[in-house]
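Numbers restart at 1 for each chain; the letters A, B, ... are given by sequence-line order, proteins then strands. Bear in mind that the values here come from a model prediction, so they are computed numbers and not experimental data.
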There are 2 protein chains.
Amino acid sequence: MATPPHPRERILDAAEALFFQRGIAVTGVDQVAASAGVAIVTLYKHFGGKDNLLREVLARRLDEWTRHWDAAVAAADSPVRRLLAVFDAVETFRAEAGPTQWCCFLATASERPAPPDGRADPVLDLVEQDTRLVTGRLAGLAREAGCADPDAVAAMLLLLYNGVLSSLLRGVPADPVASARAAARLVVDSAVGTRPQR
Amino acid sequence: MATPPHPRERILDAAEALFFQRGIAVTGVDQVAASAGVAIVTLYKHFGGKDNLLREVLARRLDEWTRHWDAAVAAADSPVRRLLAVFDAVETFRAEAGPTQWCCFLATASERPAPPDGRADPVLDLVEQDTRLVTGRLAGLAREAGCADPDAVAAMLLLLYNGVLSSLLRGVPADPVASARAAARLVVDSAVGTRPQR
DNA sequence: GTTACGCCATAACGATCGTTATACCGAATG
DNA sequence: CATTCGGTATAACGATCGTTATGGCGTAAC
């Protein structure tokens, strides 16, 4: 159970670990296959190529992240706590997903240039899908929490959210989630207009 | 004056633009030379290679950023405004530096894996130098502003700072600096314990 | 037993990329 | 005029990488 028997899962795990710990472009397909204990041919049998592999890794990640966030929101027992549940989800997700260095989607957006013509890139589409998910949910939860200006609150929380993910690259602050929670509480308390309901 | 006559500056400008708009690994040396209107040999005459070119781009950028931040701090007329001057500096720096997509240092840290052995990487050293600069200054300014817990405030502001830089990748929020300023004001006001001195 | 299937190992291909060598040109300097 | 210097153009090298082809090995199904 430590290593899933199916080679497909092992490839996805290895790709996720290598892509977002060391970088997507610098990680060769052979390294992914070797890390998964799988032949290169098997990788190409399951996924069509590197781009498709990256696409499936991102899709799986987006799915797991959505589930984590859903669970964290469901576990919260007040509208304000539901709004702040993003950071709980980040913490539990990172604890379970392992030592992935930083955000898959930001890493992909960073390394992958937009195609010159107006054509769409299926990989970058997943990044934008994640962006829409985060922004939309934050705005909705802010509205339900009774914030005076939900969009402004969502923008500030999104800033803290992106800050957490990118702070993993700098290594500082040491506990980005804790700092983000503290800052988010100040933002939300100010917007709701009530004192914190510890 | 639009295009500096010295090819060295043109190469640095072109490399900065391409590296951090499209990605470092995916940008070839030939593209940099072509964009600078310079032969590849000239690029290798001035800089020893791609790594050294990247190093000089980062060094120049760190220098300019330090100057901008210094100026913004000097222009502020209260300790709290000096603490918040980071975001003024980000705005003026981005307005002057041109359409660079996002933070050079985070992009470099994202694409460049740490060397496996304990050896030091001169490029990643510059990234860490930038990290130390930002964290150290924020903590010092927070202390001078009379914050109750300067390190905690610095951590939250660093989070917002990283959030601004990485939000440029997502494209949202539309005006990250404005949102960061609003959130930072809430954080600092709460830490100083006084009402905002508009 | 034979067939089919999933996987592995090896090798090779085309392409890109970082880097260097060679030869040429023009202007400034003596 | 000769020389030197900074720049250009072209070509080539080695290396890496994404991708594919070939052939062989085990296991489960019929």
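Considering only residues two or more places apart in sequence or on other chains, B:P122 meets the side chain to side chain contact (heavy atoms under 4.5 Å, CB included) condition with B:R55.
Salt-bridge formation is detected for the pair A:R61/A:E16: a Lys NZ or Arg NE/NH1/NH2 atom is positioned less than 4.0 Å from an Asp or Glu carboxylate oxygen. A salt bridge between B:R112 and B:D51 is present, with a side-chain N of the basic residue lying under 4.0 Å from a carboxylate O of the acidic one. Ion pair A:E111/B:R22 not flagged as a salt bridge, since none of the NZ, NE, NH1 or NH2 atoms sits closer than 4.0 Å to an Asp/Glu carboxylate oxygen. A:R82 has no carboxylate O lying under 4.0 Å from a charged side-chain N of A:D77, or vice versa, which leaves the two without a salt bridge.
Axis orientation changes by 10° from one end of the helix from C:dG1-D:dC30 to C:dG30-D:dC1 to the other, with each end axis drawn from 5 pairs and the value rounded to 10°.
Remark: side-chain polar atoms of A:S190 are not paired, donor with acceptor, to backbone N or O of A:L186 under 3.5 angstrom.
When DNA chain D is scanned in the 5' to 3' direction for atoms under 4.0 Å from non-hydrogen atoms of chain B, the outermost contacting nucleotides are D:dG7 to D:dT10.
Within residues 33-49 of chain B, the residues approached by DNA chain C to less than 4.0 Å at the level of any non-hydrogen atom are B:I40, B:V41, B:Y44, B:G49, in residue-number order.
Residue pairs meeting the side chain to side chain donor-acceptor pair (under 3.5 Å) criterion with at least one member in residues 174-184 of chain A, sequence neighbours excluded, are A:D88-A:R181, A:E91-A:R181. Legend: ring pair (Phe, Tyr, Trp, His ring centres under 6.0 Å) pairs involving residues 73-110 of chain B, not counting sequence neighbours, sorted by first then second residue: B:W65-B:F93, B:H68-B:F93.
Checking each of A:L158, A:L133, A:V153 against A:L138 for a side-chain contact (heavy atoms from CB on, under 4.5 Å) leaves exactly one that passes, namely A:L158.
Under the 4.5 Å side-chain contact rule for hydrophobic residues, B:V26 and A:L18 do not share a cluster.
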